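Bear in mind the structure is a predicted one, so any value in this text is a computation, not a measurement.
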Amino acid sequence: MKIQLFKEFVNEREYSEEKRTEMADRGEALPDGSYPIADKADLENAIKAYGRAKNQSAAAKHIAKRANALGLEDMIPDTEDFQKSLKS
């Protein structure tokens, strides 16, 4: 259920549970496989879904880390709530 819900909100592309596990192992997704970010489209989707994260601090830090890794630092939201989550 968790992964199915996540697919609906965060990724238009479908990542299998196995692929999410692999991505989590490489640091491209959170440890539970959520917020898989392999490219710019994934990053955009993750940013849009950030507000629905159960752990917004973990999601924000992961989003910023992946944005930096992809050379897309300019996409890191500068909103007050996102920046606060990065610091917590």
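For the pair Ser57 and Ser88, the tightest heavy-atom approach, listed with the atom from each and the gap, is OG-O, 3.1 Å. Residues Gln56 and Gly51 approach most closely at NE2-O, 2.9 Å, considering heavy atoms. Contact between Ala29 and Arg20 at its shortest, heavy atoms only, is CB-O, 4.2 Å. The minimum heavy-atom distance linking Met23 with Ala38 is given by the pair CE-CB, 3.8 Å.
One finds the NZ atom of Lys65 at 9.5 Å from the CG atom of Leu30 (value rounded to the nearest 0.5 Å). To the nearest 0.5 angstrom, Lys61 atom NZ is 8.0 Å from Asn55 atom CG. One finds the CD1 atom of Ile37 at 11.0 Å from the CD atom of Glu44 (value rounded to the nearest 0.5 Å). Atom-to-atom distance recorded for Leu70:CG and Lys40:NZ is 11.0 Å, nearest 0.5 angstrom. Taking CE of Met75 as the reference point, atom CG of Asn68 lies at 12.0 Å (rounded to 0.5 Å).
Between the side chains of Asp42 and Tyr15, at least one donor-acceptor pair of N or O atoms lies under 3.5 Å.
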Side chains of residues 76-87: which donor-acceptor pairs under 3.5 Å do they make with residues two or more places apart or in other chains?
residue	atom	partner	partner atom	Å
Thr79	OG1	Asp81	OD1	2.9
Thr79	OG1	Phe82	N	3.4
Gln83	NE2	Pro77	O	2.7
Ser85	OG	Tyr50	OH	2.7
Ser85	OG	Asp81	O	3.2

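The local environment of CD in Glu18 is sparse, with at most 12 non-hydrogen atoms from other residues, nucleotides or ligands closer than 6.0 Å.
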Apply side-chain contact (heavy atoms from CB on, under 4.5 Å) to Asp39 and Leu43, showing your working. CA-CA 6 Å; Asp39 56 29; Leu43 181 61; over 6 Å; no
